[in-house]
Amino acid sequence: MTQAFADKVLAWFDVFGRHDLPWQKSLTPYPVWISEIMLQQTQVQTVIPYFNRFMMRFPSVTALASADLDEVLSLWTGLGYYARARNLHKTARIISEYHQGQFPRSQQDLLQLPGIGRSTAGAISSICFNERVAILDGNVKRVISRVFAIGGWPGQRETAQQLWQQAEAMLPYDRMNAYTQAMMDLGATICLSRAPLCDVCPVSRQCQALDRSSVTDYPGKKPKVAKPTRSTIMLVIKTKGGEVRLTQRPPEGIWGGLYSFPELTQAQLDELKLPSPPQALPKLKHSFTHFHLLIEPVLVEIESRGDLPKIDNEAWVSDDNSQAFGLCRPAQKIIQALLA
Ligand code: SF4
């Protein structure tokens, strides 16, 4: 079945695969890497404009390595999961300094770089260097779990191991570059999560989930765990001239390195000597992987910046310069509402 499976997937890809995505213009490691990282938590259509802007500003790994992290984060604003952008920057510096600007060519060597996991390393080495290794992004997990009726949630170790083994067992002996892209495309355009297009699927005859009429049972769902909700107050200081005061967050932790409004507890807010009582702004809810954050922004208007003592890593942002800062999503929303 192995080669027959790959042959069908490849024949389908040649006719129906996606061949005009911006990162397919040149199948070289730098654009493939950037697109793979952007696509990890985000849909293709959302990624395209971010990818184009990023490549325009940082056309090579050395350009990215010599950029300021702030600028990298500002181009990432809105994509979320900012550790990805910080790792891109770190890895670009390592490649520039220790690899003469050249990407390692094997999955094993790529895996040593920050932010590059097994699937991303496999995508780069198979697409760019034809290495015979598997990938297992969200789309491919769906295809493999259905074709082989592998139940269980892919986030569990045993399930993931089974999926990797099966993905590796199905690899063809040539055209690895096309096969990797074909598997991604099959998952993204045919084996859709809610309503897969089994009628036009090239591997429908081999698909065990289809045979059992249970395609949407695969892959298994993540066990539900109730997320706790934490709350915080964000202090929004705004001048009459339309500037707001932000602070750059420490490099580690949530929104690391991004700009946000200073966070306070109610007790800390009560102790602050402010020129006027804070006014409550509409609350926001932001969800992280492990918890929800309920944000209560409060606004204090002042005449000018000089009316308050400076805080650490402060930056004053107006409608004109807000694009230049890597802002966390809630700060972006508050600013949009206030300065619009
Ligand atoms: S037959 Fe349907 S469920 Fe099976 S791989 Fe194809 S699209 Fe997915």
Side-chain angles (χ1 to χ4, degrees), residues 1-21 23-24 32 35-36 39-48 107 117-120 122-123 126-127 130-224:
M1 169 170 172
T2 311
Q3 192 61 43
F5 177 89
D7 286 347
K8 288 200 169 110
V9 171
L10 284 164
W12 170 84
F13 176 70
D14 288 340
V15 182
F16 300 108
R18 299 175 295 184
H19 301 275
D20 52 1
L21 295 170
W23 42 91
Q24 292 176 320
V32 170
S35 67
E36 281 297 310
L39 287 165
Q40 275 168 12
Q41 316 280 350
T42 317
Q43 299 288 324
V44 168
Q45 289 314 318
T46 311
V47 162
I48 289 175
Q107 185 189 37
R118 186 170 169 186
S119 185
T120 305
S126 62
I127 293 175
N130 259 310
E131 192 182 13
R132 191 169 175 267
V133 287
I135 64 155
L136 205 55
D137 69 358
N139 287 318
V140 178
K141 276 178 197 160
R142 200 161 53 249
V143 175
I144 298 283
S145 67
R146 287 175 173 171
V147 171
F148 299 97
I150 297 172
W153 173 51
Q156 275 156 339
R157 211 157 59 93
E158 302 77 46
T159 309
Q161 269 172 357
Q162 275 180 287
L163 291 169
W164 275 110
Q165 270 170 13
Q166 202 58 67
E168 282 169 348
M170 306 314 287
L171 296 175
Y173 284 90
D174 57 7
R175 299 196 66 201
M176 263 315 302
N177 151 322
Y179 178 76
T180 295
Q181 297 182 76
M183 287 296 285
M184 291 176 178
D185 285 6
L186 188 61
T189 64
I190 301 288
C191 195
L192 307 173
S193 72
R194 284 200 205 113
L197 309 174
C198 304
D199 290 349
V200 291
C201 173
V203 294
S204 57
R205 284 191 164 194
Q206 284 113 316
C207 182
Q208 296 179 29
L210 180 64
D211 194 43
R212 298 175 189 186
S213 303
S214 59
V215 288
T216 51
D217 291 348
Y218 299 91
K221 307 273 177 297
K222 183 178 178 177
K224 280 225 175 344

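Values below: all heavy atoms of this structure, side chains included; hydrogens, waters and symmetry mates excluded. In each ligand, atom 1 is the first atom listed, and ligand 1 is the first ligand listed.
Among the atoms of Cys198, an N, O or S atom is found under 2.8 Å from atom 2 (Fe) of ligand 1.
Between Tyr179 and Phe5, the ring-plane angle classifies as perpendicular under the 30° and 60° cut-offs.
Taking a cut-off of under 4.0 Å to the non-hydrogen atoms of Arg146, the atoms of ligand 1 that pass are 3 (S). Ligand-side atoms of ligand 1 in range of Val215: 3 (S), range being under 4.0 angstrom from any heavy atom. Listed by number with element, the atoms of ligand 1 under 4.0 Å from a non-hydrogen atom of Val147 are 5 (S).
The number of heavy atoms from other shown groups lying within 6.0 Å of NZ (Lys221) is above 12. Remark: Gln161 CD is packed, more than 12 non-hydrogen atoms of other residues, nucleotides or ligands lying under 6.0 Å away.
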Evaluate the side chain to side chain contact (heavy atoms under 4.5 Å, CB included) criterion for residues Leu21 and Gln181: first the C-alpha distance (whole Å), next the side-chain angles of each, then the deciding distance (0.1 Å), finally the verdict. CA-CA 11 Å; Leu21 295 170; Gln181 297 182 76; over 6 Å; no
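Proximity annotation for atom 8 (Fe) of ligand 1: of Ser145, Cys191, Ala195, Gly187, Cys191 comes nearest, heavy atoms only. Nearest-heavy-atom check against atom 6 (Fe) of ligand 1 across Cys207, Cys201, Ser204 picks out Cys201.
At distances below 3.5 Å, at least one donor-acceptor pair connects side-chain atoms of Asn130 with backbone N or O atoms of Asn177.
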